[in-house]
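Structure, as structure tokens:
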Amino acid sequence: GAVVSQHPSRVICKSGTSVKIECRSLDFQATTMFWYRQFPKKSLMLMATSNEGSKATYEQGVEKDKFLINHASLTLSTLTVTSAHPEDSSFYICSASNPLTGSKEKLFFGSGTQLSVL
Amino acid sequence: DAKTTQPTSMDCAEGRAANLPCNHSTISGNEYVYWYRQIHSQGPQYIIHGLKNNETNEMASLIITEDRKSSTLILPHATLRDTAVYYCIVRVRDDKIIFGKGTRLHILP
């Protein structure tokens, strides 16, 4: 099946620093990728939709200057948490859409990144 | 805004069938019913999806009522590894996924 790789799986950083998370589609070209965040014992919350070659579309309440998304190629999208603070500590998950799966499922998820800001 | 309602949690004995219900009374004609699950600290895993007809794959069966207002995911022989949060989602096929709260399924030894 299709594979989406997310890196790093875990990161600890100091408050005020920026952290970049990568999401790669390994065996397909993803024109669209999605970014989610998840707090403990809560559901996944969609942050933004990332389209290759264009600006990301952010969900209401998500600060685009805080969470920078770049989708520069058909296999890579990055999420940068800028000037991270402890309240940004969360589990971040990406998903990628494979347009060539026919009637089968199109969306595949990465394994997530646990961000801890000290 | 999630368009589905699921029980918060359920228990099932190991080896028995786990039946997870989902209500989606406002589903539109072009929306599919999808099921995903999330094991602790991992990304969601696709299970199955359907439009009108019942579906079965190697993981589960999906039963959709004739009026499409509700569905049931069936795990035929639950194992401890099936302990997870199960999400029922309705969406147009190429659309983004909005997750609800899901059902926390505990498989009991």
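Every chain is numbered from 1 and lettered A, B, ... according to where its sequence line falls, protein lines coming before strand lines. In this text the structure is predicted, and so the values were computed from the model without any measurement. Computation of the quantities below employed the complete heavy-atom set of this structure, encompassing side-chain atoms and omitting hydrogens, waters and symmetry-equivalent molecules.
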task = Give a yes or no on whether Lys55(A) atom NZ has more than 12 heavy-atom contacts from other residues, nucleotides or ligands under 6.0 Å away.
result = no

ask   = Same hydrophobic cluster for Ile93(A) and Ile69(A), using side-chain heavy-atom links shorter than 4.5 Å among ILVMFWY?
value = no

task = Could you walk me through whether Leu46(A) and Phe99(B) pass the side-chain contact (heavy atoms from CB on, under 4.5 Å) test, one step at a time?
result = CA-CA 8 Å; Leu46(A) 180 65; Phe99(B) 287 87; over 6 Å; no

query = Roughly how far, to the nearest 0.5 Å, is the OG atom of Ser97(A) from the CD1 atom of Ile97(B)?
reply = 9.5 Å

ask   = Considering residues, nucleotides and ligands other than His7(A), do more than 12 of their heavy atoms fall under 6.0 Å from its NE2?
value = no

ask   = Would Leu105(B) end up clustered with Leu73(B) when hydrophobic side chains under 4.5 Å apart are linked, directly or stepwise?
value = yes

ask   = Roughly how far, to the nearest 0.5 Å, is the CD atom of Gln42(B) from the CZ atom of Phe91(A)?
value = 8.0 Å

key: CD1 on Ile98(B) to CE on Met45(A), rounded to 0.5 Å   = 10.0 Å

query = Same cluster or not: are Ile27(B) and Ile63(B) linked, directly or through other Ile, Leu, Val, Met, Phe, Trp or Tyr residues, by side-chain heavy atoms under 4.5 angstrom apart?
reply = no

query = Under the ring-ring contact (aromatic ring centres under 6.0 Å, His included) criterion, do Tyr46(B) and Phe109(A) qualify, and how do the steps go?
reply = CA-CA 9 Å; Tyr46(B) 165 79; Phe109(A) 286 84; 10.0 Å; no

message = For the interface with chain A, which of Gly43(B), Ser41(B), Pro44(B) has the highest count of heavy-atom pairs at distances below 4.5 Å?
response = Pro44(B)

task = Quick one: do Tyr36(B) and Leu44(A) satisfy side-chain contact (heavy atoms from CB on, under 4.5 Å)? Show the steps, please.
result = CA-CA 12 Å; Tyr36(B) 292 82; Leu44(A) 289 83; over 6 Å; no

key: Toward chain B, the part of Gln6(A) with a non-hydrogen atom under 4.5 Å   = neither

query = Rounded to the nearest 0.5 Å, how far does NZ of Lys101(B) lie from NZ of Lys41(A)?
reply = 14.5 Å

ask   = Side chain, backbone, both or neither: which part of Tyr32(B) has a non-hydrogen atom closer than 4.5 Å to chain A?
value = neither

ask   = Which heavy-atom pair separates Tyr87(B) from Lys42(A) by the least distance, and what is that distance?
value = OH-O, 4.3 Å

request  = Run the numbers on Gln38(A) and Gln38(B) for side-chain contact (heavy atoms from CB on, under 4.5 Å), then give the verdict.
outcome  = CA-CA 12 Å; Gln38(A) 184 176 33; Gln38(B) 185 180 26; 2.8 Å; yes

request  = Consider only side-chain heavy atoms of I, L, V, M, F, W and Y, link residues closer than 4.5 Å, and tell whether Ile48(B) and Tyr34(B) are in one cluster.
outcome  = no

task = Please assess Leu107(A) against Arg91(B) for the test side-chain contact (heavy atoms from CB on, under 4.5 Å), listing each intermediate value before the final yes or no.
result = CA-CA 12 Å; Leu107(A) 281 179; Arg91(B) 73 181 227 262; 3.3 Å; yes

ask   = Under a single-linkage definition using a 4.5 Å side-chain heavy-atom cutoff for Ile, Leu, Val, Met, Phe, Trp and Tyr, are Val62(A) and Met33(A) assigned to the same hydrophobic cluster?
value = no

